[in-house]
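In what follows, a structure is listed as structure tokens, so that the remarks can point back to it.
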Amino acid sequence: MLIIKDISNLQSYLSAYQNRKYSIGYVPTMGALHKGHGELIKQSKKDNHKTIVSIFVNEKQFSSKEDFETYPRNKGFDYDFCIDNEVDILFEPSSEEIFKNDETLLKNKNFKDILCDKFRRGHFDGVITVLDKFFSIIKSNKVYFGEKDYQQLKIIEKFIEEKYKSLDLVSVPTQRHEEGIAYSSRNEKLSKKQTQDFVDFHKKIKNFIISLEESLDIETANHRANDFMKLQDIDKFDYFEFRNDTDLSFVGTVSQARLFYAIYKGKVRLIDNLKV
Ligand code: PAF
């Protein structure tokens with residue numbers, strides 16, 4: 001596996017691939033890799049001749065300096081993980097290399113003022129700004145994202161439709177631990193007790209979802225979701241609601257919906273979504 005830190009070096013390898021007409025799959029990450037990333041890499045390896053993974057903790061998408069500074073970083077493990085998963089190139093640039101002195105922040109216009117965008121103002125502006133840089137440097141054929149960050153996935157889908165028409169977005173279902181909770185880099189920040197509480201909460205959600213009739217309209221399901229949340233021992237939550245899976249509206253029935261939530265365990269913010 002090649003570990004590359006500068007753009008010019010990366011581009012000379014990529015142009016050699018392109019000259020050979022190799023298809024390139026790209027998996028963008030912020031490191032602290034886990035099984036969820038592993039599935040994205042696996043899918044990219046199935047679909048392409050070469051797979052490139054980037055590790056870049058993007059300061060522009062964090063709302064607080066503290067959250068940025070305490071974001072899990074696991075360099076040695078990540079290198080081994082990429083080697084074990086047979087990644088061809090690991091691109092790990094510095095912030096200067098990516099942004100130079102460019103302070104431009106792109107403004108996301110899609111799926112605004114709902115879910116995470118309502119509670120983490122500017123977060124998705126930071127996400128599309130950094131992806132714009134990476135997409136234009138790497139020029140891959142395909143790019144891979146997980147369904148766990150579902151609103152992010154929908155926003156990136158639109159962004160690609162608008163600006164990178166020849167790039168194919170491939171979405172991969174959320175990977176879950178045996179106990180049901182999704183793999184997430186932020187799980188590393190939970191204590192044992194917090195992890196157990198989170199697992200218990202997840203089981204209750206599953207039972208709650210099973211108790212709903214598929215033909216129920218989303219608005220009624222959301223009244224029930226409110227009642228359900230009143231009974232839970234959660235430190236704080238930003239949202240817990242059903243939305244239509246396609247346009248993230250409140251229109252439709254439970255069978256067309258996902259349950260989206262963002263909850264806190266101590267200081268750790270956890271998000272997930274479950275197809276009903
Ligand atoms: O999902 C993530 O890890 C990040 O938001 C991404 C897409 C790598 C952009 O920094």
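Every heavy atom of this structure was used, including side-chain atoms; hydrogens, water molecules and symmetry mates were not. Both ligands and their constituent atoms are indexed starting at 1 by order of listing.
- With sequence neighbours excluded, no residue satisfies salt bridge (Lys or Arg N to Asp or Glu O under 4.0 Å) with Lys118.
- Judged as a ring-ring contact (aromatic ring centres under 6.0 Å, His included), and not counting sequence neighbours, Phe250 has no contacts.
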Go ahead and list the nitrogen or oxygen contacts between ligand 1 and the protein that come in under 3.5 Å, distances to 0.1 Å, or just say none.
| residue | atom | partner | partner atom | Å |
| --- | --- | --- | --- | --- |
| ligand 1 | 1 (O) | Gln152 | NE2 | 2.8 |
| ligand 1 | 5 (O) | Gln61 | NE2 | 2.9 |
| ligand 1 | 5 (O) | Gln152 | OE1 | 2.8 |
| ligand 1 | 10 (O) | Gln61 | OE1 | 2.6 |

What pairs of donor and acceptor atoms, side-chain ones from residues 30-37 against any protein atom, are under 3.5 angstrom apart with sequence neighbours left out?
| residue | atom | partner | partner atom | Å |
| --- | --- | --- | --- | --- |
| His34 | ND1 | Gly36 | N | 3.0 |
| His37 | ND1 | His34 | N | 3.1 |

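- Salt-bridge formation is detected for the pair Asp197/Lys193: a Lys NZ or Arg NE/NH1/NH2 atom is positioned less than 4.0 Å from an Asp or Glu carboxylate oxygen.
- Under the 6.0 Å distance and 45° angle rule, Arg73 counts as a cation-pi partner of Phe68.
- Annotation: cation-pi geometry satisfied between Lys60 and Phe99 (NZ/CZ under 6.0 angstrom from ring centroid, within 45° of ring axis).
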